[in-house]
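Report on one structure; see the data block that follows.
Below, chain A is the first sequence line, B the second, and so on; all start at residue 1.
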There are 2 protein chains.
Amino acid sequence: MAASREDIVAVAIQHLNHAPNASMAEIAQAAGVSRATLHRHFSTRAELQYELASRAMDAWAKTHTAVGLDEALSADLDAAGIKRVLDELLTVTLEHSDEHGFALTDHTTHGQPDLVRHANELEEKEIALFAAAQRAGVLRADLPPRWVSNLVYGLLVAVRESMRQGDVARRDLPRIFLDTFYRGTT
Amino acid sequence: MAASREDIVAVAIQHLNHAPNASMAEIAQAAGVSRATLHRHFSTRAELQYELASRAMDAWAKTHTAVGLDEALSADLDAAGIKRVLDELLTVTLEHSDEHGFALTDHTTHGQPDLVRHANELEEKEIALFAAAQRAGVLRADLPPRWVSNLVYGLLVAVRESMRQGDVARRDLPRIFLDTFYRGTT
DNA sequence: ACTATTTGAGACATTAATGTCGCAAACAAG
DNA sequence: CTTGTTTGCGACATTAATGTCTCAAATAGT
């Protein structure tokens, strides 16, 4: 057995992040299986995309668990504690941006109510963290927390572009990503 | 005559920025003409997309002309002069992001050598400005200028997301965009 | 009112992608 | 070596989008 369902999923996520409109034939080729085999695992393209979006959502939820986001939101953390959780969230999010950062765009959750709801829940938690960071003085208070959430997404897009074009050394990206988020360009 | 070629182009740019995979039928409907009329103006979908990308490129070049980018790169401007050109460039780019900011993605220039070349030329000029700003002390010098270029793109993505979701008041966006670019979130 | 031009509607052909299926080949297990 | 399972291949049907075409209707100009 050359490729398991898990192998196929992993390759499909990577490939669709790079080429969102790739055909089933192209995805199968990238995964090293035939189109028939891909169809044996996923009856339709919509089923495959749903699976990928679900997994991306789960991975995003795991990111939140890994950094202890729920606990941080419940506890009365001081500024240093919030800063640490925020740093960890940003770092882990960057590390996993290939797996789930871009799969969670509109065209993958497209109209699936449970996926949209789950994504919204996860985003609201991050926004709550940004708001708490603002109250604690970790982040400036004059930017809407929802803007900060979109900013993180925009920075991930900038990271992806930089990696695609080889504009920045990969090992420098975490420092540059965090530094730009906090300090901007001046 | 309900719609001219110019009207169709303007609507098509807006619509495709919002839904890049929209069919010719959908674009025609958005433009208020029939699919047959759209095909009378543009023989193929590829021809339409080429036209839109060309116009986006021209609009981008006009942005550079409007802020006097070429002159600024030739002259020995002081820090205040560079700052002014940079501010203008960012402001005008934001204003026109609907017309050309997102049309200039890979899937529109897709493999057209002249469009790719033109886009690269324009981007190189912006990168030269960022580098000059770093030498002049207007921007911090420890970020690769190509990262700054991708950062601007990422910020425009954040702006688009914020507008789409109504996360930020439209009239606040220029200030937030510039402020986040320069100062980050702290 | 008449003429010329443009457009919308829809039919039809083509293309591309998807979905389904059967069967030989390859692989795995005993 | 045999049996069972899985896969690749390619044919075929279906679907969706595109491209082309004709003609009646609408619009514009005189």
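An OP1 or OP2 oxygen of C:dG8 is reached within less than 4.0 angstrom by a side-chain nitrogen or oxygen of B:S34.
Taking atom CG on B:L38 and atom P on D:dT20, their separation rounds to 12 Å, with Å as the unit. The interatomic distance linking A:R5 (CZ) with D:dT7 (P) rounds to 12 Å, in whole Å. Atom CG in A:D7 sits roughly 15 Å away from atom C1' in D:dT7 (whole-Å rounding). When the P atom of D:dT7 is taken as reference, atom CZ of A:F42 falls 12 Å away, rounded to whole Å.
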Within the sub-3.5 Å range, which N or O atoms of nucleotides 14-18 of chain D have a protein N or O partner, and how far apart are they?
unit_1	atom_1	unit_2	atom_2	d
D:dT18	OP1	B:M24	N	3.4
D:dT18	OP1	B:R45	NH1	2.6
D:dT18	OP2	B:M24	N	2.7

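In terms of the side-chain hydrogen bond (donor to acceptor under 3.5 Å, both in side chains) criterion, A:T186 has no residue partners (sequence neighbours excluded). For the side-chain hydrogen bond (donor to acceptor under 3.5 Å, both in side chains) test, no residue two or more places apart in sequence or in another chain qualifies with A:S54. For B:D70, the salt bridge (charged side-chain N to carboxylate O under 4.0 Å, His left out) criterion is met by B:K125, not counting sequence neighbours. Qualifying side-chain hydrogen bond (donor to acceptor under 3.5 Å, both in side chains) partners for B:H64, counting only residues two or more places apart in sequence or in other chains: B:W60, B:E126. In this structure, the side-chain hydrogen bond (donor to acceptor under 3.5 Å, both in side chains) partners of A:E123, at least two apart in sequence or on a different chain, are A:S149.
Here side-chain hydrogen bond (donor to acceptor under 3.5 Å, both in side chains) pairs that include residues 71-85 of chain B, with residues two or more places apart or in two chains, are B:K83-B:D87. For the side-chain hydrogen bond (donor to acceptor under 3.5 Å, both in side chains) condition, the pairs that include at least one residue of residues 167-177 of chain A, sequence neighbours left out, are A:D167-B:N150.
A donor-acceptor contact shorter than 3.5 Å is absent between the side chain of B:Q49 and the backbone of B:A46.
B:R40 contributes no side-chain N or O that forms a donor-acceptor pair with the base of D:dG19 under 3.5 Å.
Terminal axes of the helix from C:dA1-D:dT30 to C:dG30-D:dC1 (five pairs each, C1' rotation axis) are separated by 40°, to the nearest 10°.
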